[in-house]
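Small disclaimer: the values here were computed from a predicted structure and weren't measured.
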Amino acid sequence: MSSVSIPETFPNLPASVQKIQKMYASQSVAIPTLVALLESEPLLAANILKLVNSPYYGLSAKVSSINGAVMLLGTTVIRGIILATILKKSFPLDLSVYGITVAQFETISILRAKLLKEWLQNTDVDTQSLSLAAFLMESGKIVMAHEIAKKSLKTEFATLCQIKSQEEAEMELFGVQSYSVASALFSQWQFDDAFCALIGSVTNPQSSDAKILHALQIAINTKNIFDADEIAKAKEFLDIHQLYGDAFLQSVEKIKNI
């Protein structure tokens, strides 16, 4: 069994992003300050504008300013884009071991966040942390893909994935799942303990929030996006735990048709 380099491989956040993180941690996000910090980081600004103008947001007019993007996407999604951008910049981006491209990885993140928002908008569930978790929870796969390539394990991982789930293959090779790797990463980036624990428990959910993320992971993942059988499986799981299964199904149909 090999091992994932935790936390040696994890990147440090740029100074401007550390300031943004402190704002979020204090739960006092000043929009003008956030916009100014983002504009000081051209790569972040470009990625935010690229995503906000993607077809998945269905905007009628192009957004050309960071201020406009923040207003449209909200600070939670912006935070997810910031951290995903830093992570992608820090590792060679080859996710082919998971059968997806970088563009498909971004699509998974966006669709999960959109589905969560649509699904739970008329409930009493606090979706702030959940939206961020939905957007970021596959981040560990970027680290894992790098480790698999670095240790020349692509063929072995692919062979395992033919007979096991990707998470089971990760466990067999590394003794840890990518969700646990993501949890460790966000812990290093000084996210609160509850958020890190939430990410780490996606495949073995105990809390209602973790079960919601688990359903999203079933419905939208690196192997299938809105596959009929997987949607039915997610709906059955939600019904067992009395977690808005009907609203989930309605929201899936709405998001699929955008």
Are the side chains of [X] and [Y] in touch, meaning some heavy atoms are under 4.5 Å apart?
{"X": "I86", "Y": "W189", "value": "yes"}
{"X": "E168", "Y": "L160", "value": "no"}
{"X": "V181", "Y": "E147", "value": "no"}
{"X": "L38", "Y": "I20", "value": "yes"}
{"X": "M23", "Y": "L34", "value": "yes"}
{"X": "L95", "Y": "T101", "value": "no"}

task = Could you tell me whether R79 sits above the aromatic face of F186, with NZ or CZ closer than 6.0 angstrom to the six-membered ring centre and within 45 degrees of the axis?
result =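 The answer is no; the distance or angle limit is not met.
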
Would [X] end up clustered with [Y] when hydrophobic side chains under 4.5 Å apart are linked, directly or stepwise?
{"X": "L72", "Y": "I78", "result": "yes"}
{"X": "V102", "Y": "L43", "result": "no"}
{"X": "L238", "Y": "I218", "result": "no"}
{"X": "I108", "Y": "I81", "result": "yes"}

When rounded to the nearest 0.5 angstrom, what is the spacing between [atom1] in [X] and [atom2] in [Y]?
{"X": "I110", "Y": "L115", "atom1": "CD1", "atom2": "CG", "value": "13.5 Å"}
{"X": "T85", "Y": "L44", "atom1": "OG1", "atom2": "CG", "value": "5.5 Å"}
{"X": "C161", "Y": "E170", "atom1": "SG", "atom2": "CD", "value": "7.5 Å"}
{"X": "Q188", "Y": "C196", "atom1": "CD", "atom2": "SG", "value": "10.5 Å"}
{"X": "M137", "Y": "S178", "atom1": "CE", "atom2": "OG", "value": "10.0 Å"}
{"X": "L37", "Y": "I66", "atom1": "CG", "atom2": "CD1", "value": "11.5 Å"}

request  = Quick one: list whatever passes side-chain contact (heavy atoms from CB on, under 4.5 Å) with T123, sequence neighbours left out.
outcome  =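 Once residues adjacent in sequence are excluded, the partners of T123 under the side-chain contact (heavy atoms from CB on, under 4.5 Å) criterion are L120, V125, Y244.
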
ask   = Sequence neighbours excluded, which residues qualify as side-chain contact (heavy atoms from CB on, under 4.5 Å) partners of Q121?
value =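 Listed in chain order: E118.
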
message = Applying side-chain contact (heavy atoms from CB on, under 4.5 Å) to T127 and K117, what does each step give before you reach the verdict?
response = CA-CA 7 Å; T127 59; K117 182 178 179 181; over 6 Å; no

query = According to the salt bridge (Lys or Arg N to Asp or Glu O under 4.0 Å) rule, which pairs have a member within residues 230-244, sequence neighbours left out?
reply =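 Pairs touching residues 230-244 that pass the test: E230-K233, K235-D239, K235-D246.
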
Which pairs would a plain distance check flag for residues 198-206, meaning a side-chain donor or acceptor within less than 3.5 Å of a matching protein atom at least two apart in sequence or in another chain?
{"from": "S201", "atom 1": "OG", "to": "A197", "atom 2": "O", "distance (Å)": "3.1"}
{"from": "S201", "atom 1": "OG", "to": "L198", "atom 2": "O", "distance (Å)": "3.1"}
{"from": "T203", "atom 1": "OG1", "to": "Q177", "atom 2": "OE1", "distance (Å)": "2.7"}
{"from": "N204", "atom 1": "OD1", "to": "Q206", "atom 2": "NE2", "distance (Å)": "3.3"}

On a heavy-atom basis, which atom in [X] and which in [Y] lie closest, and how many Å separate them?
{"X": "F226", "Y": "L111", "value": "CE1-CD1, 4.4 Å"}
{"X": "A84", "Y": "L136", "value": "N-CD2, 4.0 Å"}
{"X": "A234", "Y": "A215", "value": "CB-O, 3.8 Å"}
{"X": "L116", "Y": "A134", "value": "CD2-CB, 4.4 Å"}
{"X": "T76", "Y": "S131", "value": "CG2-CB, 3.9 Å"}
{"X": "F135", "Y": "A113", "value": "CD1-CB, 4.2 Å"}

key: From CA spacing to verdict: side-chain contact (heavy atoms from CB on, under 4.5 Å), F157, M144   = CA-CA 11 Å; F157 185 74; M144 279 290 203; over 6 Å; no

Taking salt bridge (charged side-chain N to carboxylate O under 4.0 Å, His left out) as the definition, give me every residue that meets it alongside [X], ordered by chain and number, with sequence neighbours left out.
{"X": "E41", "result": "none"}
{"X": "E138", "result": "R112, K141"}
{"X": "D192", "result": "none"}
{"X": "K211", "result": "none"}

Qualifying side-chain hydrogen bond (donor to acceptor under 3.5 Å, both in side chains) pairs with a residue from residues 215-225, counting only residues at least two apart or across chains =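 For residues 215-225, and leaving out neighbouring residues, the side-chain hydrogen bond (donor to acceptor under 3.5 Å, both in side chains) pairs sorted by first residue read Q166-T222, Y179-Q217.
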
query = Which is it for V77 and V52 under the side-chain contact (heavy atoms from CB on, under 4.5 Å) test, yes or no, and what are the steps along the way?
reply = CA-CA 10 Å; V77 172; V52 75; over 6 Å; no

task = Please list all pairs passing the ring pair (Phe, Tyr, Trp, His ring centres under 6.0 Å) test where one or both residues lie in residues 198-221, with sequence neighbours left out.
result =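 Output for this query lists H214-F237.
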
query = Among pairs that include at least one residue of residues 101-121, which meet ring pair (Phe, Tyr, Trp, His ring centres under 6.0 Å), considering only residues two or more places apart or in two chains?
reply =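 For residues 101-121, and leaving out neighbouring residues, the ring pair (Phe, Tyr, Trp, His ring centres under 6.0 Å) pairs sorted by first residue read W119-F248.
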
request  = Check the side chains of N67 and S65 for a donor-acceptor pair under 3.5 angstrom, ignoring hydrogens and angles.
outcome  =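 Side chains of S65 and N67: no pair found under 3.5 Å.
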
query = D209 and S207: side-chain hydrogen bond (donor to acceptor under 3.5 Å, both in side chains), yes or no, with the steps?
reply = CA-CA 5 Å; D209 284 355; S207 69; 5.6 Å; no

request  = Mind checking ring pair (Phe, Tyr, Trp, His ring centres under 6.0 Å) for Y24 and listing every partner two or more places apart, or none if nothing turns up?
outcome  =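 For Y24, no residue satisfies ring pair (Phe, Tyr, Trp, His ring centres under 6.0 Å) once neighbours in sequence are set aside.
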
request  = Apply side-chain contact (heavy atoms from CB on, under 4.5 Å) to L132 and F191, showing your working.
outcome  = CA-CA 11 Å; L132 186 61; F191 277 72; 3.5 Å; yes

